[in-house]
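What's counted below: heavy atoms across the whole structure, side chains too, no hydrogens, waters or symmetry copies.
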Amino acid sequence: MARYTLRQLAYFTAVADAGSISAAAAKLHVSQTAVAAAVTELERIFRTQLTVRRKAHGVSLTPAGSYLNARAAELLRAAEELELSTASGGRQLAGPLVIGCYQTVAPTILPVLIEGFSVNHPQVGLDFVEGAQDVIQERLLAGDMDLAIVYDMDLGPGLGSVLLYDVSAYVLLPASHRLADQPDVTLAELAEDPMILLDAPPSSHHTLSLFEKAGVRPDIRYRTRDFELTRSLVGRGVGYSVLVQRPAVDRSYEGRAVVAKPISPAVSPVAVKMIWPESIRLTDRAEAMVAFAASAAPNTQQPPPEPEGGS
């Protein structure tokens with residue numbers, strides 16, 4: 001029988017995360033004395049020093065403390081899973097699940113996952129966070145979310161992943177553009193045209209790399225971090241853009257016609273992946289979402305069915 005308690009482990013991991021006993025106590029809404037006593041008792045039980053406590057400098061972990069922190073986090077997650085699943089005898093998933101998503105990918109994939117997964121697992125509290133890809137990665141590794149959906153570009157080490165789908169970059173033109181009737185467009189043909197750059201890494205990194213490989217220097221007229229603003233500016237004839245995600249309707253937010261053209265010569269597709277930290281065991285909820293996303297995501301790339309009697 002273990003002599004330590006889950007509460008002691010929870011207090012210890014809170015100290016490790018917060019960097020001080022006072023900050024951990026404030027986060028847990030308990031006294032500093034209770035938190036300090038829990039850490040001291042764990043050091044007595046394990047017969048080793050777990051922390052180095054310095055006045056005005058917070059708390060740092062010893063190598064033994066770092067090891068315990070990682071294993072304690074796993075044990076606490078397993079305990080939470082046990083509590084959530086026991087009520088249904090393990091037959092029904094329950095509990096929170098947070099997914100991060102790169103902002104330009106979100107409109108394409110998140111509605112499919114939210115609707116489908118919620119129907120199959122109504123007791124799971126599904127939530128999502130949108131943002132820049134670097135921020136999404138940071139928050140994923142910090143434990144703010146369980147999974148994330150990103151482009152397979154500029155990814156850090158230590159991430160597990162599953163491929164959701166591949167998609168290729170294309171040129172978006174105003175309907176009145178001189179190249180709008182061509183079957184495809186070379187980047188060289190656009191060298192003198194004003195460009196609207198979706199300046200949201202890694203999309204912008206990818207776009208500029210395509211021009212660099214083609215030996216073309218784009219004439220960037222405007223930079224925007226908003227996908228729909230980019231399309232609206234193109235619809236107004238302000239310039240063209242190079243995008244990856246493609247809405248089902250070739251009209252801007254204002255309803256103006258835009259034309260999507262393949263790039264010639266063909267460019268390598270970009271992979272959209274669901275990722276998670278390899279160092280953390282996925283919850284049953286997260287594992288179910290990974291499996292569902294891998295099966296459902298390819299359908300997001302199919303055109304929606306036309307209404308009956310439609311043109």
For the student: nearest non-hydrogen atoms of V270 and M153, plus distance = CG1-CE, 4.0 Å
query = What's the spacing between M274 CE and I149 CD1 if we round to 0.5 Å?
reply = 4.0 Å
request  = Is it possible for you to say whether V258 and V242 belong to one hydrophobic cluster, with membership spreading through side-chain heavy-atom contacts below 4.5 Å?
outcome  = no
inquiry  = Which residues pass the salt bridge (Lys or Arg N to Asp or Glu O under 4.0 Å) test with R139, not counting sequence neighbours?
reply    = D144
message = Side-chain heavy atoms nearer than 4.5 Å, only ILVMFWY residues, links allowed to pass through others: does that put Y170 and V234 together?
response = yes
query = Would you say R225's side chain and D199's backbone share a donor-acceptor pair under 3.5 angstrom?
reply = yes
request  = Apply ring-ring contact (aromatic ring centres under 6.0 Å, His included) to F292 and list each qualifying residue two or more places apart in sequence or on a separate chain.
outcome  = none
remark   = Scanning both residues in full, the closest heavy-atom pair of A18 with A23 reads CB-CB, 3.7 Å
task = Might you point out which heavy atoms bring A293 and L113 nearest each other, and give the distance in Å?
result = CA-CD2, 3.7 Å
inquiry  = Are L141 and L159 packed together at the side-chain level, in the sense that at least one heavy-atom pair is separated by less than 4.5 angstrom?
reply    = yes
query = Hey, does V162 have a side-chain heavy atom less than 4.5 Å from the side chain of W276?
reply = yes
query = How many angstroms lie between atom CG of L155 and atom CD of Q137, to the nearest 0.5 angstrom?
reply = 5.0 Å
Salt-bridge criterion met for R44 and E41 (N-O under 4.0 Å) = yes
ask   = Just how far is it from atom OG1 of T40 to atom CZ of F12, taken to the nearest 0.5 Å?
value = 11.5 Å
message = Ignoring hydrogens, what is the shortest heavy-atom contact between P96 and R285? Give both atom names and the distance.
response = O-NE, 2.6 Å
Step-by-step side-chain contact (heavy atoms from CB on, under 4.5 Å) determination, Y11 to I21 = CA-CA 9 Å; Y11 285 8; I21 288 176; over 6 Å; no
request  = With the side chain counted from C-beta on, respond yes when P218 and T207 share a heavy-atom pair under 4.5 Å apart, and no when they do not.
outcome  = no
inquiry  = Can you confirm whether more than 12 heavy atoms, excluding those of R221, are under 6.0 Å from its CZ atom?
reply    = no
query = Does the side chain to side chain donor-acceptor pair (under 3.5 Å) test come out yes or no for T186 and E189, once each step is laid out?
reply = CA-CA 5 Å; T186 68; E189 291 177 297; 3.2 Å; yes
request  = Please check if I45 and V39 belong to a single hydrophobic cluster, counting links between Ile, Leu, Val, Met, Phe, Trp and Tyr side chain heavy atoms closer than 4.5 Å.
outcome  = yes
Presence of salt bridge, K273 and D152, under 4.0 angstrom = yes
remark   = Across all chains, not counting sequence neighbours, the ring-ring contact (aromatic ring centres under 6.0 Å, His included) partners of Y253 are none
ask   = Between A132 and Q103, which heavy-atom pair has the shortest distance, and what is it?
value = N-OE1, 3.5 Å
remark   = Applying side-chain contact (heavy atoms from CB on, under 4.5 Å) to S66 and not counting sequence neighbours gives L61
ask   = Quick one: OG1 on T104 to CG on D226, what's the gap to the nearest 0.5 Å?
value = 10.5 Å
remark   = Residues at least two apart in sequence or cross-chain that pass salt bridge (Lys or Arg N to Asp or Glu O under 4.0 Å) with E278, listed by chain then number, are none
task = Might you point out which heavy atoms bring T230 and S241 nearest each other, and give the distance in Å?
result = CG2-OG, 3.3 Å
ask   = Would you call T62 and T51 a side-chain contact if the rule is heavy atoms closer than 4.5 Å?
value = no
key: With R71 via salt bridge (Lys or Arg N to Asp or Glu O under 4.0 Å) - residues at least two apart   = E74
task = Using a 4.5 Å cut-off on heavy atoms from C-beta on, say whether the side chain of F46 contacts that of L68.
result = yes
Review item, side-chain donor-acceptor pairs of residues 261-268, under 3.5 Å, at least two apart:
from: K261; atom 1: NZ; to: A180; atom 2: O; distance (Å): 3.0
from: K261; atom 1: NZ; to: Q182; atom 2: O; distance (Å): 2.7

ILVMFWY network linking Y240 to L172, side-chain heavy atoms under 4.5 angstrom = no
message = When you group the ILVMFWY residues by side-chain heavy-atom contacts below 4.5 Å and let the links chain together, are V135 and V105 in the same group?
response = no
inquiry  = Restricting to salt bridge (Lys or Arg N to Asp or Glu O under 4.0 Å), what partner residues turn up for E43, sequence neighbours left out?
reply    = R53
task = Return yes if a side-chain donor-acceptor contact under 3.5 Å exists between Q245 and T108, otherwise no.
result = yes
key: Residue list, side-chain hydrogen bond (donor to acceptor under 3.5 Å, both in side chains) with D250, at least two apart or on another chain   = R246
ask   = side-chain contact (heavy atoms from CB on, under 4.5 Å) between L50 and L42: does it pass, once the steps are laid out?
value = CA-CA 8 Å; L50 301 173; L42 286 175; 3.8 Å; yes
ask   = Quick one: do E254 and R236 make a salt bridge, cutoff under 4.0 Å?
value = yes
query = Distance from M195 atom CE to R217 atom CZ, nearest 0.5 Å?
reply = 13.0 Å
task = Tell me, please, which residues at least two apart from Y102 pass ring-ring contact (aromatic ring centres under 6.0 Å, His included).
result = Y151
key: side-chain contact (heavy atoms from CB on, under 4.5 Å) between L179 and V171, worked out   = CA-CA 10 Å; L179 302 176; V171 173; over 6 Å; no
query = Is there side-chain contact between I109 and C101, with heavy atoms separated by less than 4.5 Å?
reply = yes
query = Below 4.5 Å, heavy atoms only, C-beta onward: do V59 and V52 meet side chain to side chain?
reply = no
key: Candidate pair L190 and H177, rule side-chain contact (heavy atoms from CB on, under 4.5 Å), full reasoning   = CA-CA 11 Å; L190 297 167; H177 196 276; 4.0 Å; yes
task = Please name all residues satisfying side-chain hydrogen bond (donor to acceptor under 3.5 Å, both in side chains) with R178, sequence neighbours left out, ordered by chain then number.
result = D193
Ignoring hydrogens and angles, write down the donor-acceptor pairs under 3.5 Å from the side chains of residues 114-129, residues two or more places apart or on other chains.
from: S118; atom 1: OG; to: I114; atom 2: O; distance (Å): 2.6
from: N120; atom 1: ND2; to: G116; atom 2: O; distance (Å): 3.3

request  = Drop me the distance from L233's CG to T224's OG1, to the nearest 0.5 angstrom.
outcome  = 7.0 Å
inquiry  = Measuring only between side-chain heavy atoms, which start at C-beta, is T5 closer than 4.5 Å to L9?
reply    = no
inquiry  = Within a 6.0 Å radius of atom OH on Y222, are there more than 12 heavy atoms belonging to other residues, nucleotides or ligands?
reply    = no
